[in-house]
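Naming convention: chains lettered A, B, ... in sequence-line order (proteins, then strands); numbering from 1 in each chain. Everything quoted here is computed from the prediction, not taken from an experiment.
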Amino acid sequence: MQKRTKVVDILKSGVVGSDVVAMGWVRTKRDSKTVVFIALNDGSTINNVQIVADVANFDEELMKQITTGACICVAGKLVESQGSGQSVEIQAKEIKLFGDCPADYPMQKKGQSMEYMRQYAHMRLRTNTFGAVMRIRHNMAFAIHKFFHDKGFFYFHTPLITASDCEGAGQMFQVTTKNLYDLKKDEKGSIIYDDDFFGKQASLTVSGQLEGELGATALGQIYTFGPTFRAENSNTPRHLAEFWMIEPEICFYDMDDLMALEEEFIKYCVKWALDNCQDDLNFLNKMIDKGLLERLNSVVNTEFVHLPYTKGIEILQEAIKNGRKFEFPCNWGDDLASEHERYLVEEYFKKPVIMTNYPKAIKAFYMKIDEKKPVYNGKEMAETVQGTDVLFPQIGEIIGGSVREESYDKLINEINERNIPMKDMWWYLDTRKFGSCPHAGFGLGFERLMLFVTGMANIRDVIPFPRTPKNADF
RNA sequence: UCCUCUUUAGCUCAGUUGGUUAGAGCACCUGACUGUUAAUCAGGGGGUCCUUGGUUCAAGUCCAAGAAGGGGAGCCA
């Protein structure tokens, strides 16, 4: 049999009058007395190719088995369509059934809820929506590698299994080969790990940043891109227990360099989607989120606001004075609640905001301390750090970044003040001890970027097989 | 983890003040139709009303507990 042509190529560059072979899954079949129409999709594009089959030429039993979801092979001639929905179609000469599809196929051709499809994560990939999301996901991953590669960054692989708890970023999943019913304990009841696989307590990583800094301070500029694990019992449309994170780390960068990179990076990814995923984005814009394309274009064409934390508090206090109500207080020193972030991004500036120079107390130990303390209401406030959080409409914090503290003494001081176990950090401190350098970096949750680019509402629907509390099927 | 909403056919949902045989659209099956576009038209089959307990002559409907799911919050990416 002739070689298969992908549907995307048939539709894009198929020659009318030529013989083609298409293989794929049936989206819908429409019958009439003499002619049958089949919409065939093979995943190469969101678009289907229409198959036209004269009933007289085909076995009745075979045609009965061609139902929504069945997998078939069609050989025929590519012709101009007589119908109005498509320009070309395949006039079938031969149809072979690869796999029939019984009526209990969970994906029907009419709309199901996202919650329903989540229960069938293994089959939902065959729907238009998840096909579009997964093609975009691939494109975003590719764009990320291309962006950094073209800038001379090195893709640096940090370990998934770790014995350090970076920044105390969250509850960790333990990794052990021990029999959990028979654990060795000391006289205080604490578990002894010396005969465990690694000889010490080990976990799945919550961030590759600290190891990333090791790479950056050798290779100059690196990025990581891999899975990350948090055992937090957080049940929201923006959290996963297993998610993918991108963490670039760059030497000799100051805060302005960092913010410029963050903005350029996000715009590059969004632009890539607009340029390379048009069909899928058009579909999502039509079916999922009517404002999607407009929002993506506006991000590409707008300049992000740079907003020091202290100025942000002033704006919020001014809003409160003018009668704006918030559930939580936002005095200088408080961490901003999402309602505050949303006010600034969605109501006040109406564009992405990079918030900077947070109070030291509400940020991680490795952030570089500002030389000057901020003045608020005429008074000098506590120390601030060079953190840069990129806040986006709808999804909130999409990037968390900072200039790293390069002073050995200041870093030790923070570690001591925060009671971070020193013995686990010795290798990290060596970056400051031996040839310390100014450097900066950020972390971006890949699925949060996916939420923004696809317009999907729930993070569980932008990753093929989501892991969340009480959910690890498939 | 907290607050809140939801759970009725394979799917999406309706179901009045508690009342006797629980409905619709889609899907499926049968039939009709010379070109459909999530085709259309006619007919048919299909129910542990989430679970347990309670109130009542009577519970899909009211009450309590539990389970699962959604939304919001916190934590964060």
Side-chain angles (χ1 to χ4, degrees), chain A residues 26-39 47-56 64 67-69 79-86 89 91 101-120 127-128 166-171 205-209 227-247 286-287 326-328 335-339 341-342 362-364 389-392 395-401 442-452 457-463 468-471:
Chain A
V26 175
R27 279 286 198 268
T28 72
K29 183 177 76 166
R30 293 176 288 271
D31 292 299
S32 75
K33 193 174 186 180
T34 58
V35 67
V36 170
F37 302 94
I38 299 163
N47 300 310
N48 305 321
V49 64
Q50 172 156 285
I51 312 295
V52 185
D54 287 324
V55 170
K64 259 188 189 173
T67 56
T68 296
V79 297
E80 277 181 37
S81 178
Q82 296 171 38
S84 59
Q86 57 284 315
E89 64 193 16
Q91 186 71 47
C101 190
D104 57 349
Y105 178 52
M107 296 295 116
Q108 303 179 354
K109 67 179 172 187
K110 210 143 187 164
Q112 291 112 331
S113 65
M114 290 294 160
E115 294 80 37
Y116 171 80
M117 287 194 280
R118 223 170 276 152
Q119 296 175 272
Y120 300 94
T127 63
N128 288 332
C166 170
E167 62 186 284
Q171 283 289 112
T205 184
V206 294
S207 164
Q209 182 197 316
T228 307
F229 308 87
R230 306 262 168 105
E232 294 290 338
N233 185 21
S234 50
N235 219 308
T236 84
R238 287 181 292 279
H239 290 85
L240 290 165
E242 176 183 299
F243 64 101
W244 288 63
M245 191 147 66
I246 297 105
E247 295 178 289
K286 196 170 121 201
M287 304 299 287
F326 293 108
E327 192 185 343
F328 295 98
D335 208 352
L336 294 186
S338 61
E339 58 174 341
E341 295 178 351
R342 293 188 71 137
I362 59 172
K363 286 292 174 183
D389 285 359
V390 181
L391 308 178
F392 255 46
I395 54 179
E397 184 185 334
I398 191 166
I399 280 182
F442 67 82
L444 171 128
F446 185 50
E447 285 76 16
R448 297 241 174 120
L449 176 67
M450 281 295 298
L451 281 178
F452 183 75
N458 195 309
I459 202 163
R460 296 160 196 204
D461 301 326
V462 295
I463 187 169
T468 54
K470 305 262 158 42
N471 185 358

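- For the pair A/H239 and A/P469, nearest-nucleotide mapping onto RNA chain B gives the more 5' position to A/P469.
- Of the residues listed (A/I398, A/I395, A/D461), the one engaging A/L451 in a side chain to side chain contact (heavy atoms under 4.5 Å, CB included) is A/I395, and it is the only one.
- Once rounded to the nearest 0.5 Å, the distance linking OH of A/Y120 with OG1 of A/T127 reads 14.0 Å.
- Taking atom C1' on both B/A38 and B/U51, the two are 36 Å apart, rounded to the nearest angstrom.
- Distance, A/I38 CD1 to B/A38 C1': 16 Å, rounded to whole Å.
- For the OP1/OP2 pair of B/A39 and a distance below 4.0 Å, the side-chain nitrogens and oxygens of A/R30 include at least one atom meeting the criterion.
- Put simply, CG on A/D54 is 15 Å from P on B/U36, counting in whole angstrom units.
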Which atoms of nucleotides 11-13 of chain B (N or O only) lie under 3.5 Å from a protein N or O atom, and what are those distances?
unit_1: B/U12; atom_1: OP1; unit_2: A/S113; atom_2: OG; d: 2.9

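- For the P atoms, the distance from B/G74 to B/U37 is 48 Å, rounded to whole Å.
- Here the separation of B/C41 from B/C57, taken at their P atoms, is 49 Å to the nearest Å.
- With values rounded to the nearest 0.5 angstrom, A/K64 atom NZ is found 9.5 Å from A/K29 atom NZ.
- A straight line from CZ of A/R342 to C1' of B/A73 spans 12 Å, rounded to a whole angstrom.
- Annotation: the span from A/F442 atom CZ to A/E247 atom CD amounts to 10.0 Å, rounded to 0.5 Å.
- Atom pair A/F229:CZ and B/C76:C1' shows a separation of 17 Å (rounding to whole Å applied).
- Counting heavy atoms from C-beta on, the side chains of A/I459 and A/M450 never come closer than 4.5 Å.
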- Task: Quick one: the dot-bracket string of RNA chain B, using Watson-Crick and G-U wobble pairs with both distances under 3.5 Å, [ ] for crossing pairs and | for bases paired to another strand.
- Result: (((((((..((((.....[...)))).(((((.......))))).....(((((..]....))))))))))))....
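- When each of B/G70, B/C75, B/U37 is scored by its nearest atom to the side-chain atoms of A/R460, the top-ranked nucleotide is B/G70.
- Counting heavy atoms from C-beta outward, A/Q50 and A/R30 have side chains that approach closer than 4.5 Å.
- In this structure, A/N233 reaches the bases: a heavy-atom distance under 4.0 Å links it to at least one base atom across the strands shown.
- Taking atom P in both B/U61 and B/U16, one finds a spacing of 11 Å when rounded to whole Å.
- Put simply, the side chain of A/V55 reaches to within 4.5 Å of the side chain of A/V36, judged on heavy atoms.
- Going from atom CD1 of A/I38 over to atom CD1 of A/I51 covers 6.5 Å, rounded to the nearest 0.5 Å.
- In this structure a side-chain-to-backbone donor-acceptor pair under 3.5 Å is missing from A/Q171 to A/N233.
- Residue A/P237 is classed as a sugar-phosphate contact, given heavy-atom separations below 4.0 Å to backbone atoms only.
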- Query: Where do A/M287 and A/N128 land on the side chain to side chain contact (heavy atoms under 4.5 Å, CB included) test, with the steps shown first?
  - Reply: CA-CA 10 Å; A/M287 304 299 287; A/N128 288 332; over 6 Å; no
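- When heavy atoms are screened at a 4.0 angstrom cut-off, A/E89 is found touching base atoms of the nucleic acid.
- Across all strands shown, A/A337 has heavy atoms under 4.0 Å from sugar-phosphate atoms exclusively, and none from any base.
- Atom CD1 of A/I395 and atom P of B/A73 are 14 Å apart (whole Å).
- A gap of 30 Å separates the P atoms of B/G10 and B/G72, to the nearest Å.
- In this structure, A/L240 reaches the bases: a heavy-atom distance under 4.0 Å links it to at least one base atom across the strands shown.
- Between A/N471 and A/E341, the residue anchored nearer the 5' end of RNA chain B, judged by the nucleotide with its closest heavy atom, is A/N471.
- The side chain of A/R118 approaches B/G70 more closely than any other nucleotide in the set B/G70, B/A39, B/U36.
- Between A/R118 and A/N458 there is a side-chain heavy-atom pair separated by less than 4.5 Å.
- Between the CG atom in A/N48 and the CZ atom in A/R27 there is a gap of 5.5 Å [rounded to 0.5 Å].
- Side chain of A/K470, nearest nucleotide from B/A68, B/U37, B/C76: B/A68.
- For the atom pair CD (A/Q86) and CD (A/E80), the distance works out to 12.0 Å, reported to the nearest 0.5 Å.
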Look for any protein N or O under 3.5 Å of an N or O in nucleotides 31-34 of chain B and output each such pair with its distance, or none.
unit_1: B/U34; atom_1: O4'; unit_2: A/T34; atom_2: OG1; d: 3.4

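- Counting heavy atoms from C-beta outward, A/K363 and A/D389 have side chains that approach closer than 4.5 Å.
- Taking the C1' atom of each, B/G47 and B/A24 are spaced 15 Å apart, rounded to whole Å.
- As rounded to whole Å, 16 Å separates atom P of B/G35 from atom NZ of A/K29.
- Of all nucleotides listed (B/G70, B/A73, B/A39), B/A39 comes nearest to the side chain of A/T28.
- With P as the reference atom, B/G54 and B/U48 are 23 Å apart, rounded to whole Å.
- Residue contacts shown for A/Q86 include a base, since a base heavy atom lies under 4.0 Å away.
- Phosphate contact (OP1/OP2 of B/A73, side-chain N/O of A/T236, threshold under 4.0 Å): absent.
- Regarding A/E339, its CD atom lies at a distance of 15 Å from the C1' atom of B/C3, rounded to whole Å.
- Closest contact between the side chain of A/S81 and the listed nucleotides B/G35, B/G71, B/G74 involves B/G35.
- Remark: the separation of the P atoms in B/G46 and B/A9 is 15 Å, to the nearest Å.
- Among the heavy atoms of the strands lying under 4.0 Å from A/S338 are primed sugar atoms or P, OP1, OP2 only; no base atom is included.
- Note on A/Q50: a base of the nucleic acid sits closer than 4.0 angstrom, heavy atoms only.
- Residue A/I459 contributes atom CD1, which lies 13 Å from atom P of B/G72 at whole-angstrom precision.
- Listed pair A/N458 / B/G71 meets the phosphate criterion, a side-chain N or O lying under 4.0 Å from OP1 or OP2.
- Counting heavy atoms from C-beta outward, A/E232 and A/H239 have side chains that stay 4.5 Å or more apart.
- Side-chain N/O atoms of A/R238 include none lying less than 4.0 angstrom from OP1 or OP2 on B/C75.
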